[in-house]
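To find a chain, count down the sequence lines: A is the first, B the second, and so on, and within it residues start at 1.
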Amino acid sequence: MNLIDKLEILGTAAKYDASCSSSGSNRKGALGAASMPGICHSWGADGRCISLLKILMDNRCLYNCAYCKNSNNSDTKRAGFEPNEVYEITMNFYKRNYIEGLFLSSSIIKNPDYTTEKMIKCVQLLRQNGFGGYIHIKAIPGTSKELIDKAGFLVDRMSVNVEMPTNKSLMLLAPEKSKENIFVPMGQIATSIDANKNNYLDKDKFSPAGQSTQLIIGATKDSDHQILKLTQYLYKHYQLKRVYYSAFVPVTKNKLLPTIEKPPLLREHRLYQADWLMRFYGFEASEILDDKYPMLDDNLDPKCIWALRHREFFPVEVNKASLMELLRVPGIGNISARRIITARRMGSLNFLDLKKIGVVLKRANYFITCSGKYNNGIFLSTPQIYNSLMLSTKRPALPMGMQTSLFDKQNIENANKIISGAI
Amino acid sequence: MENNKTIYVCDGSIEGLLSSVYKSYYSDDSVQDIIVDGIYQSNFTYNYQSIDTDYENAQKVAYAIKKKISKLTFDNLVQTWLSEMPMCGHHILEYIKLGFKYGNDVNSLLTQANVEYVLNTTRKVGFEVHRFLGILRFSKMQDNTYRSIISPDHNILPLMADHFANRLSTEKFVIYDEKRKDAILCDTGEWFIVKNAEIKETSFCDDEYAFREMWQRYFETIAIKERTNKKLQRSFIPIRYWDNITELKKELN
């Protein structure tokens with residue numbers, strides 16, 4: 001088989017992994033370097049960025065995970081790379097500035113250790129030849145401690161995919177994997193990262209850009225609440241840099257899987273928003289969802305929903321509020337909040353000033369005051385706010401053909417549901 | 001002087017800009033704008049005065065700004081100047097005046113019009129630099145050098161050179177800005193800029209087409225059909241850049 005066909009097969013096999021970032025490392029080699037903020041090099045027809053050459057080492061798999069295209073009994077083309085082939089493609093793509101580095105994963109060939117050894121050979125070949133670009137490698141569940149340790153010192157990021165949000169789902173869809181197989185290496189990586197984080201030389205750093213994982217969304221019945229609780233646990237206990245969510249795309253036919261027409265992209269989007277709230281806005285999973293509201297709202301983003309349920313927290317006074325308070329206002333993000341704090345040192349701010357410094361008032365309007373005053377013409381009943389926030393979202397919130405109106409009965413009901421949650 | 005509203009005309013370089021700033025501080029002219037020679041149409045309202053670039057004076061101004069205001073302020077105004085936007089000279093001049101008054105706090109005056117303009121433009125140029133660090137494509141030529149042709153909105157070439165020189169430190173490469181006819185030449189880490197460069201017709205290295213084809217195929221493969229979202233793609237990578245991007249050029253036709 002020639003190289004281009006292999007690349008097609010093993011690129012196809014790897015594309016459902018959502019992880020894409022190339023940030024967090026400042027490695028420098030004889031050829032190539034990593035960039036701290038990360039760089040996206042292209043965007044595919046699905047709008048996802050291409051930063052790393054994302055491929056599998058091999059897609060001949062021993063396992064039979066129900067959701068996976070590469071599972072043993074699925075009918076798909078099979079191929080495997082040799083280390084020097086991966087080396088050639090990576091180097092040549094890198095020099096042409098197509099990519100930021102390599103993302104190497106693999107199906108499980110023979111056994112986890114054999115697979116990991118083969119992947120390590122690729123990475124070693126690159127590093128021995130002075131390659132300083134970004135490398136992200138998957139820790140294959142079930143790999144020995146020694147091999148994970150060896151890989152960690154060669155790469156910039158490692159990840160173990162959790163895939164299934166609950167143990168029950170894992171047992172159902174991926175019976176050959178076990179919870180221990182996933183969380184033991186994750187814990188090992190977290191410990192090694194922490195132990196080596198202050199080392200100065202690139203070769204002494206263990207996965208300096210941290211570790212990440214991925215959850216598949218919509219292949220099982222798990223609720224958003226369960227997913228967010230797990231996410232928070234992963235961030236707190238394993239110091240993960242990112243948890244990626246991958247909307248389930250039905251690539252295999254299996255009785256255990258739901259039949260869906262389209263991947264749940266909106267749900268994935270809302271989960272990312274909630275994830276951001278936990279990572280950058282000081283929110284706890286329990287503030288975003290609870291047993292009473294186990295799913296994220298389709299119509300409004302999680303921060304808006306939180307704000308509507310916690311009217312007692314508002315209004316926030318722009319000229320006095322702390323950074324953490326400003327960050328709770330819908331429509332004010334990290335950049336806006338920091339700009340407000342910078343600008344108000346030079347004099348108090350009014351609504352016009354906010355516009356000038358780039359704060360978008362569309363949503364923030366209802367939740368802030370400037371020197372004790374609301375913006376002109378702002379109404380304050382929760383159903384009204386809910387409605388106008390709905391109308392202001394660009395996304396077509398409703399199924400095609402349905403129009404939303406300010407007095408839509410359904411909206412009023414939705415709004416009432418949300419308020420009642422606060423009481 | 002009857003009409004003292006003046007516009008300074010410089011050669012377009014950073015040194016030219018700084019020489020003009022120097023001149024404006026030591027003359028009575030009420031300087032309204034600093035513009036680049038050759039790209040303006042004069043009118044009766046203003047007095048046009050040509051400013052010769054003086055490297056010594058430029059150095060003095062650069063030093064004073066870095067020392068008395070801040071390095072950040074200097075970087076901001078350089079980046080704003082490279083935006084080549086109309087009126088940017090005017091805003092830079094006012095920004096510097098405010099800088100000497102307030103020190104580095106000038107960068108906190110987010111609601112002041114000139115500061116707002118400079119900071120926004122700096123951000124815009126910085127964003128384009130970052131974008132090009134990703135979407136710039138090299139081709140390997142017959143003589144084993146790497147060549148890239150770009151056509152950015154702003155004059156970002158000087159801001160990108162260090163990045164690529166650092167990365168491709170074992171290679172020789174050329175980045176050519178076809179809009180401004182400037183080129184960066186870099187040989188194993190050392191770079192310089194050539195003005196009014198001309199690009200020679202040379203042929204590609206033998207394996208160039210093979211790798212292009214591989215990249216093209218990979219690019220098409222990696223998109224998930226069920227998630228197709230061309231609008232999102234275009235918002236990240238606007239069509240005006242596609243002509244110089246190996247994997248997207250084909251889609252233009």
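With respect to B/D207 and A/K95, no salt bridge is recorded, no charged nitrogen being found less than 4.0 Å from a carboxylate O. A salt bridge links B/R217 with A/E8: at least one charged nitrogen is closer than 4.0 Å to a carboxylate oxygen.
A distance of 7.0 Å separates CD1 in A/I50 from CD in B/E247, rounded to the nearest 0.5 Å. Expressed to the nearest 0.5 Å, how far CD1 of A/I4 lies from CD of B/Q216 amounts to 9.5 Å. The distance from the OG1 atom of B/T221 to the CD1 atom of A/I55 is 12.0 Å, given to the nearest 0.5 Å. Annotation: the span from B/L110 atom CG to A/L354 atom CG amounts to 11.0 Å, rounded to 0.5 Å. Note that OG1 of B/T228 and CG of A/D46 are 6.5 Å apart. Values are rounded to the nearest 0.5 Å. Here B/E226 contributes atom CD and A/L265 contributes atom CG; the two are 10.0 Å apart, rounded to the nearest 0.5 Å.
Listed for the A/H41 side chain is no donor-acceptor partner under 3.5 Å among the backbone atoms of B/I135. Here the side chain of B/S169 pairs a donor or acceptor atom with the backbone of A/A30 at under 3.5 angstrom. A donor-acceptor distance shorter than 3.5 angstrom exists from the side chain of A/N97 to the backbone of B/L136, with no hydrogens or angles considered. In terms of modelled atom types and a separation under 3.5 Å, the side chain of A/K262 and the main chain of B/R227 share no donor-acceptor contact.
When A/S42, A/G132, A/G11 are compared by the number of non-hydrogen pairs under 4.5 Å with chain B, A/S42 comes out ahead.
Of the atoms belonging to B/R123, it is side-chain heavy atoms, and not backbone ones, that fall under 4.5 Å from chain A. With a threshold of 4.5 angstrom between heavy atoms, B/T246 approaches chain A through side-chain atoms but not through N, CA, C or O. For A/A247, the parts lying under 4.5 angstrom from a heavy atom of chain B are both the backbone and the side chain. In this structure, no portion of B/F173 lies under 4.5 Å from any heavy atom of chain A. Contact of B/F236 with chain A is made through backbone and side chain together, with heavy-atom distances under 4.5 Å. With a 4.5 angstrom heavy-atom cutoff, A/A13 does not touch chain B via any of its atoms. Neither the backbone nor the side chain of B/N120 comes within less than 4.5 Å of any heavy atom in chain A. In this structure, no portion of A/K355 lies under 4.5 Å from any heavy atom of chain B. Using a 4.5 Å cut-off between heavy atoms, A/S51 does not touch chain B at all. Using a 4.5 Å cut-off between heavy atoms, A/R48 touches chain B through its side chain atoms alone. A/L349 touches chain B through its side chain: at least one heavy atom from C-beta onward sits under 4.5 Å away, while N, CA, C and O do not.
Pairing each heavy atom of A/A33 with each of B/R167, the nearest pair is O-NH2, 2.9 Å. Closest heavy-atom contact between A/R345 and B/S108: NH2-OG, 3.2 Å. The two residues A/I39 and B/G134 make their nearest non-hydrogen contact at CG2-CA, 3.5 Å. Closest heavy-atom contact between B/Y218 and A/K54: OH-N, 2.6 Å.
Aromatic ring pairs are classed by plane angle as parallel below 30°, tilted from 30° to 60° and perpendicular above 60°; the pair B/F211 and A/F93 is perpendicular.
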